[in-house]
Amino acid sequence: MGGSQRQRVLGIKRVSDNVYEVLLEDDSGKRYTVHVKVEGDILETPYGSYYLQDISRIETVGEARGGRSVLGVSWAIDFDSSSGIFKAKLSLKIIDVKVGRGSRVARDDTLLLFETMKMVGELKSPCEGIVEEVFVKPGEGVKSGSQLLKLKCK
Amino acid sequence: MGGSQRQRVLGIKRVSDNVYEVLLEDDSGKRYTVHVKVEGDILETPYGSYYLQDISRIETVGEARGGRSVLGVSWAIDFDSSSGIFKAKLSLKIIDVKVGRGSRVARDDTLLLFETMKMVGELKSPCEGIVEEVFVKPGEGVKSGSQLLKLKCK
Amino acid sequence: MTILLIANRGEVVVRVAKTARELGWKIATIYEPDDRQSPHIRVGDIAVEVDSYTSIDSVVEAALRVGADIVHPGYGFLSENPEFAKKLLDLGISWAGPSPEKMRLLGDKIEARRLAEQAGVPVLPWCEALDVGDALRCAEDIGYPVVVKASNTGGGRGQRIARNGEELVKAFQLVALEARGWGKPRIFVEKFVENARHVEVQILADRYGSVVHLYERECSVQRRRQKIVEEAPSPLTARRKKLRSELLDYALKLSEYAGYDGIGTLEFIYDPKSDQFYFIEANTRLQVEHGVTEMVTGVDIVKHQLLTGLEKPLSLRQSEITVRGWAVEARVYAEKVLSDFAPAEGVVTKLRMPSGPWLRVDSIVEEGYHVNPKYDTLLAKIIAWGSDRLEAVKRLEIALKETVIGGVETNLDLLRELLASEEFVKADYHTLFLEKTLDRIRRKISEKLQILKEIVSRINMPQLLHMKTPNVRLQGIRWRTYGWLAASTRSRY
Amino acid sequence: MTILLIANRGEVVVRVAKTARELGWKIATIYEPDDRQSPHIRVGDIAVEVDSYTSIDSVVEAALRVGADIVHPGYGFLSENPEFAKKLLDLGISWAGPSPEKMRLLGDKIEARRLAEQAGVPVLPWCEALDVGDALRCAEDIGYPVVVKASNTGGGRGQRIARNGEELVKAFQLVALEARGWGKPRIFVEKFVENARHVEVQILADRYGSVVHLYERECSVQRRRQKIVEEAPSPLTARRKKLRSELLDYALKLSEYAGYDGIGTLEFIYDPKSDQFYFIEANTRLQVEHGVTEMVTGVDIVKHQLLTGLEKPLSLRQSEITVRGWAVEARVYAEKVLSDFAPAEGVVTKLRMPSGPWLRVDSIVEEGYHVNPKYDTLLAKIIAWGSDRLEAVKRLEIALKETVIGGVETNLDLLRELLASEEFVKADYHTLFLEKTLDRIRRKISEKLQILKEIVSRINMPQLLHMKTPNVRLQGIRWRTYGWLAASTRSRY
């Protein structure tokens, strides 16, 4: 798989009962063939072996990035832009809350500091807006799924 | 487990939910304790680890020897002393048949030669007697369970 | 009969238990109330509940309860806590580590740095900072970029790079916060080295003044200052005899000056500009990456750790220790590589670990294993040995491609890409290498996964999933005309 | 892209495939019609049906069909068949072995013996026997006991000890019968050495006259002349420099005299009476026990076999090859140890293989694996490395105790007893050692199993079997007062 050439699947042909030949084309029009083999519930490919059931669940960069660019902390905290609610995606410890109910915030202002097993993180505001509700206190440990803050974006 | 001292189980005590202490005594009256642990379907012991379901099926020397002392080839051929029939316990190839219907044989006379993946073996007569029937021919391959010979012991 | 308590969880418990069994010891393990299902407790003869893996009192009580002769702390948790060690020793229980005084001395980054200066071992320009003002002044003196560090943290926590004053202020605050868990936070500022390489020396020492080194490891491939691929020897020093002997001399000099008395690691930063190593910190415990050193030296580090912990004299002389070939380790984590390395949660529903010649797998995972993101999510370390570096790298790459961990997201694809990357194959890397190439690697992974998704969606899946016994009959294909697996296979021969 | 056909089944296919993958090759496997479920076919990229593993025509056709560049024959089956090799070479397909002429020359025990005599390498007194009369005269000349051997058999077949004339007559007949499968049977009679030790030298050679040795292995622990535990180096020669260099010299001398041109093994018998090694036969193929040599030398024997098969020159010099530490291998067979080692049939319903540091497991078995007694029932080879022999033996003993293979009878208990036996620990053994101690070992196994049966019958089984998540809470036991696992654990420290 050369450089940063994006490839797409042109066709798939069954070679034997569990082996498939895949024809790929990259952006420059160059074509490649790759063979994959199905062994029970495992897919063997030149890129590595995969549990078949996982492949359809795979989340790729494009999809994951959406969340990341909004918050920069998407792996720990979720933001639902329609309700304005921030929720913990993991067990977190709240270290510091920088805003209160009614605080006016600019985009990228720090809303709170939290801690996971791995490190301390900052939750930054994804927009200019007003804090409508704060559900947590400094020092508090919260479980995955807990509501943290409610923000109304302008 | 010292030397050739035979040991027997005096008692078993549960130490924790999956750990047992076993009190053993050998022929000389010396006592030992041994601990065993049950991990799911595995029994962990000082002698090694065992699949629990296998243990009750284990055949030990005493039981296995019975067959062996009669034939010396018990691992390949079975002898049913009531019917006088020899049966193959594995796929065998018959190399040579040394007797025919009506042959008189002494104990330990060679009845036939056979071959397995591992080596050539001899089937010896367990008794003095008369061959009542021969079911196989030299060069013949027989499956596990096939009848080979019928012998009437005196 | 010696009784060992292993005061940890995860793969390190399995690793330590192997050696303890070999020594003929009895093994006790511990578990937190909601961690009772973790497979680590099964490797012992018995397991004891503790309030927490980091509760000194509770773990000490467990040690007393099982009648432990010695405690091995693993890594993380209480492994670098001198109070814990002291409490055990005071109760007559041995400690598989250096004496608490040496832990205090070398475990504190500021004290260790001062010691190095006294011993004549180079350190980077630095100053202690009691407050943000101190830190700013110090950074001005040293010149940006700098690293803000806490004196007493481990595992990549409590250190942040600052390239200007604004970043420094924030870094200082965050480091101070992160360091709280380790007691009184002392902060210092250190010159940041661009294109640095992280090389460390494994030390074995005993209570009687013997010190030997087991040569060096390189751990420059890091994400968020956490090592993920390590190797022994270092590709940097292996080809430069003088540089290597300088490094090893520094390590022995510092160990001897400090009167170090257990096993440990001295970490150094190599600055390509000055062509010089600088001591940065000591680890007074077993390290995750000890296996690569074991594979190239044949020395069981854990065995020496346990035996010197029991106050036995070191049974190895420096002249007996040689490096053969090369070993490379990849750490397999349950984490979301494409989402900022967030720890992944889940149950492992399918597992296929590599095996066979030249490989070592230190693992905690099994089918049905529940990855609890409350703890470190290291699942396994896959190590390959080769007679030279390229052989080891190739073997590890193939082992990683064979590995299947289903049901939970892992960094396997990242490791596969990394091992196959030109930079890694050439050992042309530095401590920020992964961060700098991450976007490229992520894109590559993402593209591959997209292709796989499409392939699977186009293959007649229901039939495949029910085909328990693949009926492999060749249908007249002549491989020569196709590029079979061509993308993956570049022969060296 | 090089295409390799591995013309075998079982664990050797897995082993060879590992190296082929590393070389970046494509792999084809073969299977007999009723062996299509065997896991060995899965390690390749594609599998081809053949009439039989020993059908030259059918296997050659498979090689042509997949466009093979090279064929690796494994061991057994066609691995020592020069006609097979010649047919492939004539078709332009490389052969991972020596040239057919050398296979013929050294593969025939009588020819090889003559060659050794010419090269000045000691052999035991012997004579060829065209009929029983010849054999009897020869045995009278040499003096009993003798061994009757066929010139061209392998794997322990076609050789029987005779201690008198009556035994000799029978032995001659049986050997002649057993040898039929290997073509024209030539029989010879050789002096039998009491308390002999079996030591062999691994040779690597190429088509250009380079020959090196990878030191020796000892394989004295045999049952029915089949090796079951092997080690490298040999405990006999490792402590006797002169004896060892004599042995290695013999091996090189004979290889060079024969113009040997592939990888192979030269087998020797050591007679403690004369304190001398005698060449007995050559193996012109990979051996089951090659792994122990790989572990102590770090040399990938299969890689050199494949590359010299492609007519590459040998890339190793003798001076680069050294032995580090010790490796011991145990072969795990599905067989009924208590019933004359009859091959066991069954399905593996539970599997736990050892893993972690210092171990190598070369295995074909998995849960659901069907052991077919039609074939050799070798399930796995478990190999442990140690910095010295005792360390390796202890590690292997523990690994064997950890191993669980449920649902089919295996020789695991025999191996466990063997590894723990005083004789083995002291390397105080010879080629008939196992046969002589078998009754004792069987009795011990039987007693242990009786105890386990009784324990299990007394434990409340149904509850245990349903207890998926053992709730391990310590009930106030103080281990010090009990002999916990006392029977199994003798510490060396």
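Keep in mind that what you see is a predicted model, and the values were worked out from it rather than measured. Lettering follows sequence order; numbering is per chain, from 1.
Judged as a salt bridge (Lys or Arg N to Asp or Glu O under 4.0 Å), and not counting sequence neighbours, K137(B) has no contacts.
Salt bridge present: E335(D) and R223(D) bring a charged side-chain N and a carboxylate O closer than 4.0 Å. At a threshold of 4.0 Å, the pair K350(D)-D41(B) counts as salt-bridged, since one of the basic side-chain nitrogens sits closer than that to a carboxylate oxygen.
Both the backbone and the side chain of V9(B) come within contact range of chain D, with heavy atoms under 4.5 Å apart. Only the backbone of I405(D) comes within less than 4.5 Å of a heavy atom in chain B; its side chain stays farther off. Looking at T349(D), both its backbone and its side chain come within 4.5 Å of chain B, counting heavy atoms on both sides.
Comparing K170(D), E402(D), E422(D), E345(D) by how many heavy-atom pairs each has under 4.5 Å with chain B, the most go to K170(D).
In this structure the side chain of M353(D) never reaches within 4.5 angstrom of the side chain of V332(D), judged on heavy atoms.
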